[in-house]
Colleague: 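This is the structure I have questions about; it appears just below.
Excluded from the calculations below are hydrogen atoms, water molecules and symmetry mates; all remaining heavy atoms, backbone and side chain alike, are included.
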Amino acid sequence: MQNLKKIKLLLTGAFHYTEEQLEQLKNSGFEITFIQDERVKTDIDFSEFEAVVCNGFFLYNDIERFRSLKMIQATSAGLDRLPLDFIKKNGIMLKNARGVYSIPMAEWCICRILDIYKYSCFFDENQKNKVWQKHRGLRELSGKRAVILGAGDVGSRTAERLKAFGVKITAADKVKPQYDIYDEYCKMEDLDTVLKESDIIIITLPLTSETRGIFDERRLGILKADSILINMARGGIVDEKALVSALKKGAPGYAVLDVFEEEPLDKDSILWDTQNLIISPHNSFVSEKNNERMFEVIYKNLNEYFCIVPKSVS
């Protein structure tokens, strides 16, 4: 039965709502306040808000001002931009954007691997310069070994697509995944052994105190000379200075970074000019279908938590 009392809901510009979507939330019993820029500190009285949908809002606004807060819906898959200790201590329900960005990120990852294996840059440059020249160094994915660190939804969607190319896939995580797409599973403490044998290393781990900097100078030093390291999780997982040094030494053969310790990446960063390093501006998650999927998650989770009978999402 739908609540009679209006539930005060704070929305931010971390997600672009259509008028129809806002109307659906209002019709479900939510009284909406919208703040466009999460980075702006505001003097709004937050004491009666029961739910917030945001990304980095609590980096700039004190969560303790939300004295009635019961639920937070993050618009990101990662939760490292939220005050997790406070949220856990106060029993606040926390939901992430699980499944929203997995498909585009998996497709982006495959695209980058194929770009490297098939030397796309070589042919693009030759086309610009009207040069007819073959490249005899092209490689194929079939028979290669990949390890995916973080066998959640993003990692498993990526594994599904790699499997279609005949890649043998190992899942590395704290807990054995329930998906049957993986050929092998290794605990994080056994990671070094797997890394030494892997052609492709894909990072989809959350950033925590345990994962920060796990790809340091020592661990990068055990990677194969022709391997590819891909990070589409969080920048702090890979030590960027150590990566630059490792690439200069020739192992890994290539690195692909979509995320960085500091974003946006400074124009003076040495990363821009590092050979065999491919950079994109935290863009792997982008898709024309994200808005639809994200709103479905927001709408479903808010309605379920507050025991509202949801109408269908249009």
Side-chain angles (χ1 to χ4, degrees), residues 7-18 21-22 24-25 30 32-42 44 46 49-66 69-88 90 92-105 108 150 152-154 203-209 211-212 231-237 257-265 280-305 313:
I7 300 163
K8 296 199 73 171
L9 170 65
L10 178 67
L11 305 179
T12 76
F15 178 73
H16 178 71
Y17 299 88
T18 65
Q21 290 168 345
L22 291 172
Q24 277 192 281
L25 289 170
F30 293 100
I32 295 172
T33 297
F34 183 79
I35 295 176
Q36 178 60 46
D37 192 345
E38 293 192 324
R39 298 166 297 179
V40 174
K41 290 186 178 181
T42 175
I44 292 175
F46 293 128
F49 283 91
E50 295 182 64
V52 178
V53 181
C54 67
N55 185 353
F57 180 75
F58 293 114
L59 293 175
Y60 307 94
N61 292 273
D62 188 355
I63 194 171
E64 293 188 17
R65 294 169 62 193
F66 289 76
L69 189 58
K70 297 180 175 67
M71 178 186 174
I72 299 171
Q73 170 67 62
T75 57
S76 61
L79 299 174
D80 51 287
R81 293 167 62 82
L82 293 163
L84 298 180
D85 290 341
F86 181 91
I87 291 168
K88 183 178 180 180
N90 289 274
I92 299 168
M93 174 61 71
L94 176 59
K95 294 285 188 176
N96 71 344
R98 178 178 173 82
V100 173
Y101 311 115
S102 303
I103 291 174
M105 290 178 71
W108 175 90
D153 202 60
V154 174
I203 304 170
T204 62
L205 290 167
L207 179 62
T208 66
S209 58
T211 64
R212 182 178 293 279
N231 187 10
M232 54 181 179
R234 286 291 186 264
I237 295 173
L257 299 181
D258 186 53
V259 289
F260 303 87
E261 294 176 18
E262 297 291 337
E263 296 182 7
L265 187 61
S280 56
H282 206 144
N283 210 88
S284 62
F285 70 95
V286 174
S287 165
E288 82 281 13
K289 296 184 179 180
N290 283 351
N291 185 282
E292 178 184 346
R293 282 194 294 259
M294 187 70 245
F295 185 72
E296 285 179 359
V297 168
I298 293 170
Y299 188 74
K300 174 178 177 291
N301 287 343
L302 284 171
N303 277 275
E304 285 185 353
Y305 181 79
V313 178

Colleague: Not counting sequence neighbours, which residues clear ring-ring contact (aromatic ring centres under 6.0 Å, His included) with Phe66? List them please.
Modeller: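 Phe66 satisfies ring-ring contact (aromatic ring centres under 6.0 Å, His included) with Phe46, Phe58 once adjacent residues are dropped.
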Colleague: Who pairs with Thr12 by side chain to side chain contact (heavy atoms under 4.5 Å, CB included), at least two apart in sequence or on another chain?
Modeller: Ala14, Glu38, Cys54, Phe57
Colleague: Side chains of Tyr60 and Val40: does their closest heavy-atom pair fall under 4.5 Å?
Modeller: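 They are not in contact (no side-chain heavy atoms under 4.5 Å apart), so the answer is no.
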Colleague: Answer yes or no: is there a donor N or O on one side and an acceptor on the other, between the side chain of Asp258 and the main chain of Asn283, under 3.5 Å?
Modeller: yes
Colleague: When you look at CD of Glu263, are more than 12 heavy atoms from neighbouring residues, nucleotides or ligands closer to it than 6.0 Å?
Modeller: yes
Colleague: Decide yes or no on side chain to side chain contact (heavy atoms under 4.5 Å, CB included) for Leu22 and Leu11, but give the supporting numbers first.
Modeller: CA-CA 10 Å; Leu22 291 172; Leu11 305 179; 3.6 Å; yes
Colleague: How long is the straight-line distance from CG of Leu69 back to CE of Met93, given to the nearest 0.5 Å?
Modeller: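 Reported to 0.5 Å precision, the distance equals 12.0 Å.
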Colleague: Provide the closest heavy-atom pair for Leu205 versus Ala233 in the form atom of the first, atom of the second, distance.
Modeller: O-CB, 3.0 Å
Colleague: For Arg212 and Leu207, what are the C-alpha separation, side-chain angles and deciding distance, and is it a side chain to side chain contact (heavy atoms under 4.5 Å, CB included)?
Modeller: CA-CA 6 Å; Arg212 182 178 293 279; Leu207 179 62; 3.4 Å; yes
Colleague: With heavy-atom distances below 4.5 Å as the criterion, would you say the side chains of Val53 and Tyr17 are in contact?
Modeller: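 Yes - at least one pair of side-chain heavy atoms lies under 4.5 Å apart.
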Colleague: So do the side chains of Trp108 and Phe285 get within less than 4.5 Å of each other, counting heavy atoms only?
Modeller: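 With C-beta onward as the side chain, the pair stays apart.
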Colleague: Could you measure the distance from the CZ atom of Phe49 to the OG1 atom of Thr33? Nearest 0.5 Å is fine.
Modeller: 3.5 Å
Colleague: For a quick test of your reading: what N or O donor-acceptor pairs under 3.5 Å do the side chains of residues 77-85 make, sequence neighbours left out?
Modeller:
| residue | atom | partner | partner atom | Å |
| --- | --- | --- | --- | --- |
| Asp80 | OD1 | Arg234 | NE | 2.9 |
| Asp80 | OD2 | Arg234 | NE | 3.3 |
| Arg81 | NE | Asn55 | OD1 | 3.3 |

Colleague: Where is the tightest heavy-atom contact between Phe295 and Gln24, given as atom of each residue plus distance?
Modeller: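 The pair with the smallest heavy-atom distance is CE2-OE1, 3.4 Å.
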Colleague: If I take atom CG from residue Asn303 and atom CD1 from residue Ile7, how far apart are they, to the nearest 0.5 angstrom?
Modeller: 8.5 Å
Colleague: Can you name the residues that form a side chain to side chain contact (heavy atoms under 4.5 Å, CB included) with Val297, not counting sequence neighbours?
Modeller: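 Partners of Val297 under the side chain to side chain contact (heavy atoms under 4.5 Å, CB included) test: Gln73, Val100, Met294, Asn301.
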Colleague: Taking 4.0 angstrom as the limit, do Lys8 and Glu50 come out as a salt bridge?
Modeller: no
Colleague: With rounding to the nearest 0.5 Å, note down the distance linking OG in Ser284 to CG in Asn231.
Modeller: 9.5 Å
Colleague: Nearest 0.5 Å, please: how far is OH in Tyr305 from CD1 in Ile72?
Modeller: 10.5 Å
Colleague: Donor-acceptor pair, distance only, cut-off 3.5 Å: does the side chain of Thr42 make one with the backbone of Ile44?
Modeller: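 The answer is yes, because a donor-acceptor pair under 3.5 Å joins these two groups.
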Colleague: Salt bridge check: are Glu304 and Lys300 linked by an N-O gap of less than 4.0 Å?
Modeller: yes
Colleague: Which residues pass the side chain to side chain contact (heavy atoms under 4.5 Å, CB included) test with Ser287, sequence neighbours left out?
Modeller: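 Checked Ser287 against side chain to side chain contact (heavy atoms under 4.5 Å, CB included); matches are Pro104, Lys289, Asn290, Arg293.
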Colleague: With sequence neighbours excluded, what pairs up with Phe260 under the ring-ring contact (aromatic ring centres under 6.0 Å, His included) test?
Modeller: none
Colleague: Measure the CG-CE distance between Leu302 and Met71 for me, rounded to the nearest 0.5 Å.
Modeller: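 With rounding to 0.5 Å, CG (Leu302) is 4.5 Å from CE (Met71).
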Colleague: Applying side chain to side chain contact (heavy atoms under 4.5 Å, CB included) to Lys41 and Asn61, what does each step give before you reach the verdict?
Modeller: CA-CA 6 Å; Lys41 290 186 178 181; Asn61 292 273; 4.2 Å; yes
Colleague: When you look at Val154 and Tyr101, which way does the side chain to side chain contact (heavy atoms under 4.5 Å, CB included) test go after all the steps?
Modeller: CA-CA 7 Å; Val154 174; Tyr101 311 115; 5.7 Å; no
